[in-house]
Number of protein chains: 2
Amino acid sequence: MANRPAIRPTNAELAILGVLWSNGASTVREVHDALKEARDEAVGYTTILKLLQIMTEKKLVKRDTRARTHVYAAAVSEATTRGHLLSDLVDRAFGGSSLALVLQALSSARATPAELEQIRRLLDERKAPR
Amino acid sequence: MANRPAIRPTNAELAILGVLWSNGASTVREVHDALKEARDEAVGYTTILKLLQIMTEKKLVKRDTRARTHVYAAAVSEATTRGHLLSDLVDRAFGGSSLALVLQALSSARATPAELEQIRRLLDERKAPR
DNA sequence: TGACAGGTACGAAGCGCTTCGTATATTGGC
DNA sequence: GCCAATATACGAAGCGCTTCGTACCTGTCA
């Protein structure tokens with residue numbers, strides 16, 4: 001694998017990826033509008049453009065330049081990215097123990113019974129895997 | 001509560017807090033030595049000093065200046081800090097759903113049966129709380 | 001065809017984090 | 001008393017992230 005530099009998008013990048021993940025491939029304007037709607041204080045159009053250009057260099061997004069108005073698509077999956085960010089936090093603040101993280105998260109999370117059941121099911125799967 | 005600015009230590013700060021949490025109140029030299037031992041590439045003595053000074057301003061640590069050699073102690077608890085970092089990540093990358101974070105963490109974590117049992121117990125507690 | 005709307009490219013400023021060099025004080029031992 | 005060792009204080013450089021202004025290009029339409 002020549003994929004060393006690990007996917008660890010910054011805050012602003014994450015916000016943009018969020019739009020691309022939920023809305024699919026988008027133009028700068030579409031991303032800009034989506035963020036303006038979702039956020040309190042909006043950011044300039046050229047800021048989004050610049051970020052998307054940088055993200056293209058970093059291979060976080062793919063750019064289709066065939067039309068005059070470029071179209072951007074996420075080049076990293078949501079699950080993979082979340083996994084990277086999670087294991088990053090585990091290393092930095094939980095002494096490498098994802099279990100410690102899970103326990104901490106569970107002890108403060110408000111979850112519905114249905115959600116707790118979902119976790120329980122996952123635990124069952126993991127209990128007898130092989 | 002006048003504690004608005006939320007505890008969100010940076011990387012270097014977290015490393016130092018880790019030492020203070022596990023070793024208790026320490027001098028700059030002690031922190032420096034502990035980090036030198038634990039890490040691959042060490043950082044300069046005055047770097048640790050400067051960081052601790054900044055962390056004192058930020059109220060992340062408390063400083064005892066009675067002796068010539070100052071003694072620093074963590075001013076934030078490990079659990080609280082972890083909680084802040086976690087909810088920060090939940091907001092930034094998991095759409096505000098701690099459950100999504102837990103599921104993601106569980107699906108990639110390698111945990112022993114005993115640990116899984118621990119989670120199960122926690123789930124039971126939360127199931128019928130009131 | 002000329003002006004405008006809307007697109008991309010790019011340089012640079014501002015800020016926070018991290019790092020360290022250097023200046024300056026204090027202490028202990030000879 | 002003096003020197004070496006060891007402290008703290010502080011300024012500033014370097015870097016990455018974020019932001020935006022400005023320049024420039026390209027269609028459209030009256």
Side-chain angles (χ1 to χ4, degrees), chain A residues 5-19 25-36 38-73 81 84-85 88-89 92-93, chain B residues 5-19 25-36 38-73 81 84-85 88-89 92-93:
Chain A
I7 304 159
R8 213 171 296 138
T10 65
N11 250 9
E13 288 168 351
L14 219 37
I16 289 178
L17 282 175
V19 172
S26 309
T27 65
V28 175
R29 182 147 307 276
E30 286 164 349
V31 172
H32 179 244
D33 289 350
L35 285 180
K36 190 192 311 188
R39 285 183 147 192
D40 296 342
E41 43 185 318
V43 83
Y45 175 90
T46 58
T47 300
I48 303 295
L49 171 64
K50 178 68 159 183
L51 279 171
L52 279 167
Q53 286 168 346
I54 292 173
M55 290 168 77
T56 303
E57 275 175 24
K58 290 189 185 174
K59 302 276 173 63
L60 289 175
V61 298
K62 274 200 280 279
R63 171 163 66 168
D64 181 342
T65 62
R66 282 173 303 180
R68 182 166 102 87
T69 300
H70 299 174
V71 174
Y72 295 86
T81 304
H84 280 288
L85 290 171
D88 190 47
L89 185 61
R92 290 191 300 119
Chain B
I7 304 158
R8 213 171 296 139
T10 65
N11 249 10
E13 289 168 351
L14 220 36
I16 289 178
L17 282 175
V19 172
S26 308
T27 65
V28 175
R29 182 148 307 277
E30 285 164 350
V31 171
H32 179 244
D33 289 349
L35 285 180
K36 190 193 310 187
R39 286 185 147 188
D40 295 343
E41 43 185 320
V43 82
Y45 175 89
T46 58
T47 300
I48 303 295
L49 172 63
K50 178 69 158 182
L51 280 171
L52 279 167
Q53 287 169 347
I54 293 173
M55 291 169 76
T56 303
E57 274 175 24
K58 291 188 185 176
K59 303 276 174 64
L60 289 176
V61 298
K62 275 201 280 279
R63 170 162 67 167
D64 181 342
T65 62
R66 282 174 301 181
R68 180 166 104 90
T69 301
H70 300 174
V71 175
Y72 295 86
T81 304
H84 280 289
L85 290 171
D88 191 47
L89 185 62
R92 289 192 300 119

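Just so you know, these numbers use all the heavy atoms, side chains as well, and skip hydrogens, waters and symmetry mates. In what follows, chains are A, B, ... by sequence order, proteins preceding strands, each numbered from 1.
For residues 38-63 of chain B, every residue pair satisfying the salt bridge (Lys or Arg N to Asp or Glu O under 4.0 Å) rule, not counting sequence neighbours, is listed here: B/E13-B/K58.
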Take A/M55 and A/L17 through the test side-chain contact (heavy atoms from CB on, under 4.5 Å) and record every step on the way to the result. CA-CA 10 Å; A/M55 290 168 77; A/L17 282 175; 3.7 Å; yes

Verdict with reasoning, B/L60 to B/Y72, per side-chain contact (heavy atoms from CB on, under 4.5 Å): CA-CA 10 Å; B/L60 289 176; B/Y72 295 86; over 6 Å; no

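Donor-acceptor pairing under 3.5 Å, judged by distance alone, is absent between the side chain of B/R29 and the base of D/dT6.
When distances run from any side-chain atom of A/T10 to the nucleotides D/dC17, D/dT26, C/dT27, the shortest one goes to D/dC17.
Considering only side-chain N and O atoms, A/K58 lies under 4.0 angstrom from the phosphate OP1 or OP2 of D/dC17. Between A/Q53 and C/dA9, a side-chain N or O to OP1/OP2 separation shorter than 4.0 Å is present. Side-chain N/O atoms of A/T27 include none lying less than 4.0 angstrom from OP1 or OP2 on C/dG7. Under 4.0 angstrom from either OP1 or OP2 of C/dA9 there lies at least one side-chain N or O belonging to A/R63.
A donor-acceptor contact shorter than 3.5 Å links the side chain of B/H32 to the backbone of B/V43.
One atom, CZ of A/R68, and another, P of D/dT26, lie 9 Å apart when rounded to the nearest Å. Remark: C1' of D/dC10 and CD of B/E57 are 11 Å apart, rounded to the nearest angstrom. As a whole-Å value, the separation of A/M55 CE from C/dT8 P is 15 Å. Per the geometry, CG belonging to B/L51 stands 7 Å off P belonging to C/dT19, to the nearest Å. Taking atom CZ on A/R66 and atom C1' on C/dT8, their separation rounds to 18 Å, with Å as the unit. The CZ-C1' distance, from A/R92 to C/dT18, rounds to 15 Å in whole Å. Distance B/L14 CG to C/dT18 P: 10 Å, rounded to the nearest Å. What separates CG of B/N11 from P of D/dC17 is a distance of 13 Å, to the nearest Å.
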Protein-nucleotides 20-24 of chain D N/O pairs closer than 3.5 Å?
| from | atom 1 | to | atom 2 | distance (Å) |
| --- | --- | --- | --- | --- |
| D/dC20 | OP2 | A/G44 | N | 2.7 |
| D/dC20 | OP2 | A/T47 | OG1 | 3.0 |

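Taking the side chain to side chain contact (heavy atoms under 4.5 Å, CB included) definition, one finds that A/L89 meets it with A/R92, A/A93, A/F94, A/L101, B/L85, B/L86, B/L89, sequence neighbours left out.
The only option from A/D64, A/T27, A/V28 that meets the side chain to side chain contact (heavy atoms under 4.5 Å, CB included) definition with A/T69 turns out to be A/T27.
Across all their heavy atoms, A/K36 and A/A42 have their closest contact at CG-CB, 3.7 Å.
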